[in-house]
Each structure stands twice: as structure tokens, then as C-alpha cells.
Amino acid sequence: MLAQDEGLDLVKIAPKANPPVVKIIDYGKYRYEQSRKEKEARKKQKTVELKEVRLSPNIDVNDLNTKINAARKFLTKGDKVKISLRFRGREMSHVQTSKHIITDFADALSDIATVEKNPKMEGRSMTMVVSPKRQ
């Protein structure tokens, strides 16, 4: 009755409360403000991407450092990094001797990253996932 006199709407704010909470407001304006709040919340969300760095068992020290710097850049942006050590042909017979490459890679990034998924063989590659440390 009061809402009709003022030309506004009676809107349930908390319908599950006992008794339900209602408010006399302009419903169109209320819906607009709700959509603006949702849009603002979506803007502030950070989507975490999974970047991949591929290594080989016979990688040189300088090449490894370049890959570490690339991974460091991804981690500082807030992305997770998947480290893949790919084995081809006869390299499959030296899987255990090459495991140190992927662990050294993680040790080099230990100041800004934590190991999320330990090294594991998946087909012809050994993978490991690191994510940025929380402050």
C-alpha cells in the first residue's frame, strides 16, 4: 500500500529470514545496482593460467638458466608453471639419471615458488607443477 502510493516496489531483501525482510525501493534501480556489483567483483578476480616450460635431458646450463628466467617471469605474474622434461628415443633408458634436472629447476625457483605437484612420469615425459608462493 505504501509502496504503491510512492510509485515504488516492495522488494524482499532477505526472504528466508523470519519474518522476511522487505524494502520499499525502485526495483529497476535495485537490479541495476546488483548487476554493477557482480560486474565489479568479476573484474577483480584473477584467473590463474598454467604455463609450460619444456626441457630435454641433455640441456646445457645456459639454456637451463634461460628457461628458469622464463618460468620466474611467469611466476611473478601469478601464473602456475608446468615443467616438462621430454624424453625421446634412447633417452627413455636414462630417466632416473635425468631426474636431477627437474629437481634443480625447482630448487632454482624455490625462493618465489612452491612445488604443487611432485615430478611424475606421464608417458614419455616427466612433469612437475610449481605455483607462486603466497605472501
Side-chain angles (χ1 to χ4, degrees):
M1 192 73 174
L2 290 171
Q4 288 176 346
D5 293 343
E6 294 182 32
L8 298 172
D9 303 303
L10 190 66
V11 178
K12 284 185 181 180
I13 302 298
K16 292 185 177 163
N18 192 10
V21 179
V22 295
K23 210 175 192 183
I24 298 175
I25 53 174
D26 182 11
Y27 184 65
K29 185 176 178 184
Y30 173 75
R31 272 190 31 213
Y32 172 75
E33 287 173 356
Q34 289 296 97
S35 68
R36 295 296 299 164
K37 282 181 187 175
E38 288 173 11
K39 201 173 194 180
E40 201 63 34
R42 278 196 301 270
K43 267 187 196 174
K44 292 179 181 170
Q45 280 184 345
K46 171 75 171 95
T47 55
V48 177
E49 287 188 41
L50 182 67
K51 303 285 188 172
E52 184 176 13
V53 176
R54 289 184 179 173
L55 308 172
S56 65
N58 53 357
I59 193 166
D60 196 38
V61 176
N62 292 328
D63 294 335
L64 187 65
N65 289 336
T66 303
K67 298 280 187 176
I68 289 170
N69 290 335
R72 190 175 290 276
K73 188 171 71 174
F74 294 144
L75 288 164
T76 53
K77 286 184 181 175
D79 297 327
K80 292 181 183 180
V81 178
K82 178 181 179 182
I83 305 155
S84 306
L85 184 59
R86 300 185 68 209
F87 298 97
R88 297 180 356 222
R90 292 193 185 119
E91 293 171 349
M92 283 299 291
S93 60
H94 305 290
V95 171
Q96 292 305 317
T97 56
S98 301
K99 190 174 181 180
H100 73 89
I101 295 169
I102 209 164
T103 54
D104 291 347
F105 196 97
D107 290 340
L109 295 172
S110 63
D111 58 330
I112 62 165
T114 56
V115 175
E116 192 172 284
K117 190 175 140 194
N118 288 321
K120 180 183 173 189
M121 278 301 291
E122 294 175 358
R124 289 191 158 271
S125 62
M126 185 181 291
T127 59
M128 172 174 163
V129 178
V130 293
S131 59
K133 276 187 179 175
R134 300 278 173 237
Q135 273 72 15

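Keep in mind that what you see is a predicted model, and the values were worked out from it rather than measured.
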I would like to know whether Lys80 and Glu49 meet salt bridge (charged side-chain N to carboxylate O under 4.0 Å, His left out); could you show each step before the answer?
CA-CA 6 Å; Lys80 292 181 183 180; Glu49 287 188 41; over 6 Å; no
Who pairs with [X] by side-chain contact (heavy atoms from CB on, under 4.5 Å), at least two apart in sequence or on another chain?
| X | value |
| --- | --- |
| Val11 | Asp9, Ile13, Ile25, Tyr27, Tyr30 |
| Arg42 | Glu38, Lys39 |
| Ala17 | Ala14, Val21 |

Leu75 versus Val130, closest heavy-atom pair with distance
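Looks like CD2-O, 4.1 Å.
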Other hydrophobic cluster members with Val129, side-chain heavy atoms of Ile/Leu/Val/Met/Phe/Trp/Tyr under 4.5 Å, chained?
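Once heavy-atom contacts under 4.5 Å are chained together, Val129 belongs with Leu50.
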Would you be so kind as to tabulate the donor-acceptor pairs closer than 3.5 Å made by side chains of residues 107-115, with sequence neighbours excluded?
{"from": "Ser110", "atom 1": "OG", "to": "Asp107", "atom 2": "O", "distance (Å)": "2.8"}
{"from": "Asp111", "atom 1": "OD1", "to": "Arg72", "atom 2": "NH1", "distance (Å)": "3.4"}
{"from": "Asp111", "atom 1": "OD2", "to": "Arg72", "atom 2": "NH1", "distance (Å)": "3.2"}

Check whether more than 12 heavy atoms from other residues, nucleotides or ligands sit under 6.0 Å from atom CD of Gln96, and answer yes or no.
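Open.
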Salt bridge (charged side-chain N to carboxylate O under 4.0 Å, His left out) partners of Lys82, counting only residues at least two apart:
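Scan of Lys82 (salt bridge (charged side-chain N to carboxylate O under 4.0 Å, His left out), adjacent residues dropped) gives none.
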Kindly write out the residues that satisfy salt bridge (charged side-chain N to carboxylate O under 4.0 Å, His left out) with Arg86, not counting sequence neighbours, or none if the list is empty.
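Result, salt bridge (charged side-chain N to carboxylate O under 4.0 Å, His left out) vs Arg86: none returned.
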Qualifying salt bridge (Lys or Arg N to Asp or Glu O under 4.0 Å) pairs, either residue in residues 89-105, two or more places apart
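Pairs touching residues 89-105 that pass the test: none.
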Residues 51-62 side chain polar contacts: donor-acceptor under 3.5 Å, at least two apart:
{"from": "Glu52", "atom 1": "OE2", "to": "Ser84", "atom 2": "OG", "distance (Å)": "2.6"}
{"from": "Ser56", "atom 1": "OG", "to": "Asn58", "atom 2": "OD1", "distance (Å)": "3.2"}

Once you round to the nearest 0.5 Å, how far does NE2 of His100 lie from CD1 of Ile102?
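CD1 of Ile102 is found 11.5 Å from NE2 of His100.
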With rounding to the nearest 0.5 Å, note down the distance linking CG in Asp63 to CD1 in Ile68.
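It is 11.0 Å, given to the nearest 0.5 Å.
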I'd like a table of donor-acceptor pairs (distance under 3.5 Å, sequence neighbours excluded) in which one partner is a side-chain atom from residues 120-128, with atom names and distances.
{"from": "Glu122", "atom 1": "OE1", "to": "Thr127", "atom 2": "OG1", "distance (Å)": "3.3"}
{"from": "Glu122", "atom 1": "OE2", "to": "Lys117", "atom 2": "NZ", "distance (Å)": "3.0"}
{"from": "Glu122", "atom 1": "OE2", "to": "Thr127", "atom 2": "OG1", "distance (Å)": "3.3"}
{"from": "Ser125", "atom 1": "OG", "to": "Glu122", "atom 2": "O", "distance (Å)": "3.3"}

Looking at residues at least two apart in the chain, or sitting in another chain, which of them share a side chain to side chain donor-acceptor pair (under 3.5 Å) with Lys67?
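Once residues adjacent in sequence are excluded, Lys67 has no partner under the side chain to side chain donor-acceptor pair (under 3.5 Å) criterion.
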